Amino acid sequence: MTTTAPHVAIIGTGIGGLAAALRLSHGGCRVTVLERHAGPGGKMRTLPTQAGPVDAGPTVLTMKPVFEELFADVGLKLSDHITLQTEDILARHFWRDGTVLDLMRDPAQSFDNITAVFGSAAAQEFNAFCAQTKILYDAFDGPMIRSSAPSLAELAMTVIKSPKLLRAMQPLSTLASSLNTSFSEPRLAQLFARYATYVGGLPAQSPSLLSLIWQAESQGVWHVKGGMHQLAQSIEAAARGFGAEFIYNAHVTRIETQDGRACAVQTNDARHTVDAVLFNGDPNALHQGMLGPASENTIEKSATAPRSLSANVMSFAAIPEGVALAAHNVFFAQDPKTEYAPLAKSQQQTDPTLYICAQDRFGGVEPTGPERFEIILNSPPTQTLQPTAPSEKETEQCQTLILQQLSHFGLSFSPRPAATTLTMTQDFAQLFPASHGSLYGRSPHGMMAAFKRPTARSKVSGLYLAGGGAHPSAGVPMATLSGQHAAEAILSDLIST
């Protein structure tokens with residue numbers, strides 16, 4: 001390692017890139033962050049409304065210790081940079097027959113609510129499910145989630161040593177089939193099956209292991225005061241405090257190599273000579289050669305395909321009418337047996353489950369006047385790499401589907417949100433190159449999917465990966481951990497050279 005600070009270029013300011021920028025700048029690197037958009041956050045987007053900026057991406061913060069550790073590892077305190085508020089109601093769930101169920105931060109309250117709504121037998125099954133998912137979470141947190149490069153052999157030894165763990169995994173079952181076995185109440189099976197969509201999968205094609213996502217959420221859901229985008233801005237500010245440079249509206253066109261090692265990054269108007277490059281975009285962009293031939297063979301096709309789900313996202317301000325909403329709400333499809341069938345055929349659902357974030361209701365507040373909403377409708381990824389923008393007809397059809405579906409529950413908004421408040425799958429595909437609109441990178445389908453995601457080190461020396469398309473998985477906490485893995489790999493490699 002030279003006596004001067006090594007220069008690292010980070011491409012992208014998603015949460016993984018931001019977390020790595022903070023760690024690397026604190027670790028003594030000269031860090032240049034290049035972002036094609038006008039500000040930080042990646043998929044942690046906000047859009048303007050008459051009631052103020054509304055989240056148009058992730059809406060919740062889970063696994064709080066991940067973020068506390070990120071700041072603590074650089075000598076800072078998370079609470080000095082963002083304000084977090086714990087939500088007592090994890091989510092309010094609605095079915096068309098009028099059933100409403102609140103799952104709570106306090107597991108005893110969730111048990112009581114399930115008993116009141118579905119009976120004591122269903123509540124006992126819920127307790128058993130919680131115990132099973134805790135076994136999975138505790139077992140896989142270290143060797144899978146926290147590990148920078150999980151080993152199948154090491155994981156197999158962990159499972160072999162614990163018959164209880166093998167039973168909890170149900171390795172030959174999908175999430176849908178294992179939940180149908182765990183719950184005699186089909187509405188509870190439908191509720192937890194939806195967790196597959198949190199990482200872009202379908203319940204009938206995702207491994208039963210994904211049930212452990214419930215365990216992560218049950219440990220707490222936090223609201224970031226000012227919206228999730230505040231988290232991105234706070235990490236950026238902290239990294240700047242250690243000397244990191246952020247250059248926005250900088251479109252990276254090429255990663256250059258010399259003697260098989262990444263050596264420079266070319267943007268639309270500058271060339272940056274570097275000692276290492278961290279790519280915080282969709283790994284498929286590398287596989288498709290969108291950053292030059294030098295990086296084209298760094299990613300195997302199996303690391304980026306098949307693609308995960310996308311979404312159509314409506315972000316707006318209005319006054320809700322007809323339903324008592326919480327901050328986080330799920331309105332379920334009428335028929336759980338058929339709701340995902342169109343998505344499996346790369347078609348839009350006709351009877352979808354919808355998620356609504358009522359951003360101004362965090363902390364149990366009941367606002368008066370227009371309030372901010374985000375509605376998420378799962379959708380298939382695009383079939384083409386660079387699709388055209390959605391047509392006016394397509395956006396209007398999607399808007400109609402969403403609002404008609406909610407009308408079945410008695411929910412409406414005044415004024416009626418316009419179709420222009422939608423960010424469609426094709427829009428996401430254009431915002432995030434080579435993604436096909438997929439919001440979660442590679443699909444989680446299949447037992448080996450977790451081992452097929454690319455890890456921090458690529459095949460090209462000096463080129464590293466971070467973000468939701470890399471290990472350990474999609475989602476804000478996981479992408480943050482990927483930034484940690486990448487930063488540790490870069491620091492280790494630069495020190496050893």
Side-chain angles (χ1 to χ4, degrees), residues 6-27 29 31-37 40-44 57-58 63 66-67 69-71 73-74 144-150 199 231-232 235-236 238-239 244 246 252 255 262 265 274-287 290-291 295 298-299 303-304 308 432-435 438-442 450 452-494:
H7 187 193
V8 181
I10 298 178
I11 303 171
T13 58
I15 189 69
L18 290 170
L22 178 55
R23 291 180 179 277
L24 288 169
S25 56
H26 174 264
C29 293
V31 176
T32 302
V33 187
L34 304 165
E35 170 59 59
R36 69 194 299 263
H37 295 125
K43 296 183 181 74
M44 264 190 320
M63 299 177 67
V66 169
F67 306 96
E69 291 165 12
L70 169 64
F71 280 81
D73 287 349
V74 299
M144 276 296 295
I145 296 172
R146 300 282 179 161
S147 172
S148 60
V199 289
L231 176 63
I235 298 174
E236 179 203 23
F246 287 78
V252 175
I255 297 172
V265 171
V274 296
D275 298 291
V277 177
L278 172 58
F279 182 66
N280 180 217
D282 196 303
N284 196 41
L286 298 177
H287 176 70
M290 296 181 72
L291 290 130
S295 60
T298 62
I299 303 294
T304 65
S308 70
F432 307 108
S435 68
S438 294
L439 299 180
Y440 314 90
R442 189 195 189 279
K452 293 182 178 179
R453 284 179 174 266
T455 54
R457 289 183 176 91
S458 78
K459 291 182 179 181
V460 173
S461 180
L463 176 58
Y464 304 83
L465 303 173
H471 172 76
S473 186
V476 177
M478 297 301 181
T480 303
L481 287 174
S482 79
Q484 177 181 346
H485 297 330
E488 290 173 348
I490 291 170
L491 290 171
S492 174
D493 293 350
L494 289 178

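Nothing fancy with the numbering, it's 1 onward along the sequence. Computed from a predicted model, the values in this text were never measured in an experiment. The analysis underlying the following values was restricted to heavy atoms, covering all of them including side chains, and did not include hydrogens, waters or symmetry mates.
Here the shortest heavy-atom pairing between Gly27 and Leu491 reads O-CD2, 4.2 Å. When all heavy atoms are compared, the tightest approach of Ile299 to Pro283 is CG1-O, 3.9 Å. Asn280 and Gly14 get closest at one heavy-atom pair: OD1-N, 2.8 Å. Taking both residues in full, the closest heavy atoms of Lys43 and Ser438 are given as CE-O, 4.3 Å, listed atom of the first, atom of the second, then distance. Listed here is the closest heavy atom pair of Thr13 and Pro40: OG1-CA, 3.2 Å. Pairing each heavy atom of Gly467 with each of Ala479, the nearest pair is C-CB, 4.0 Å.
If you check the side chains of Thr455 and His485, you find no donor sitting under 3.5 Å from an acceptor. No donor-acceptor contact under 3.5 angstrom links the side chains of Asp282 and Ser435, judged on distance only.
Under the 3.5 Å distance criterion, the side-chain polar atoms of Ser308 are matched with a main-chain donor or acceptor of Gly441. A donor-acceptor pair under 3.5 Å is absent between the side-chain atoms of Ser482 and the main chain of Ala466, judged by distance alone. Thr298 contributes a side-chain N or O that, together with a main-chain N or O of Ser295, makes up a donor-acceptor pair within less than 3.5 Å. Judged by distance alone, with hydrogens and angles left aside, the side-chain atoms of Ser458 form no donor-acceptor pair with the main-chain N or O of Tyr464 at under 3.5 Å. Proximity of a side-chain donor or acceptor of Asn284 to a complementary backbone N or O of Thr304 within less than 3.5 Å is not detected.
Side chains of Val31 and Phe246 form no contact here, defined as non-hydrogen atoms less than 4.5 Å apart. Looking only at side-chain heavy atoms (C-beta outward), Gln484 and Leu70 stay at 4.5 Å or farther from each other. Proximity of Met478 to His471: side-chain heavy atoms (C-beta onward) are nowhere separated by under 4.5 Å. With contacts defined as side-chain heavy-atom distances shorter than 4.5 Å, the pair Val33/Leu18 does not qualify. Two residues are said to be in side-chain contact when any heavy atoms from C-beta on lie closer than 4.5 Å; Val8 and Thr32 fail this criterion. Annotation: side chain of Ile10 is not in contact with side chain of Val277 (no heavy-atom distance under 4.5 Å). Side-chain atoms of Val252 and Arg36, non-hydrogen and from C-beta on, never get closer than 4.5 Å to each other. Side-chain contact between Ser473 and Arg453: present, with at least one pair of heavy atoms (C-beta onward) separated by less than 4.5 Å.
Here the CD1-CZ distance, from Ile235 to Arg23, works out to 10.0 Å after rounding to the nearest 0.5 Å. Distance check, rounded to the nearest 0.5 Å: CD1 of Ile255 to CZ of Phe279 gives 6.5 Å. Rounded to the nearest 0.5 angstrom, Leu22 CG and Glu236 CD are separated by 11.5 Å. Taking CG of Leu278 as the start and CG of Leu24 as the end, the distance is 7.0 Å to the nearest 0.5 Å. Taking CD from Glu69 and OG1 from Thr480, the interatomic distance works out to 11.0 Å, rounded to the nearest 0.5 Å. Taking CZ of Arg457 as the reference point, atom CD1 of Ile490 lies at 9.5 Å (rounded to 0.5 Å).
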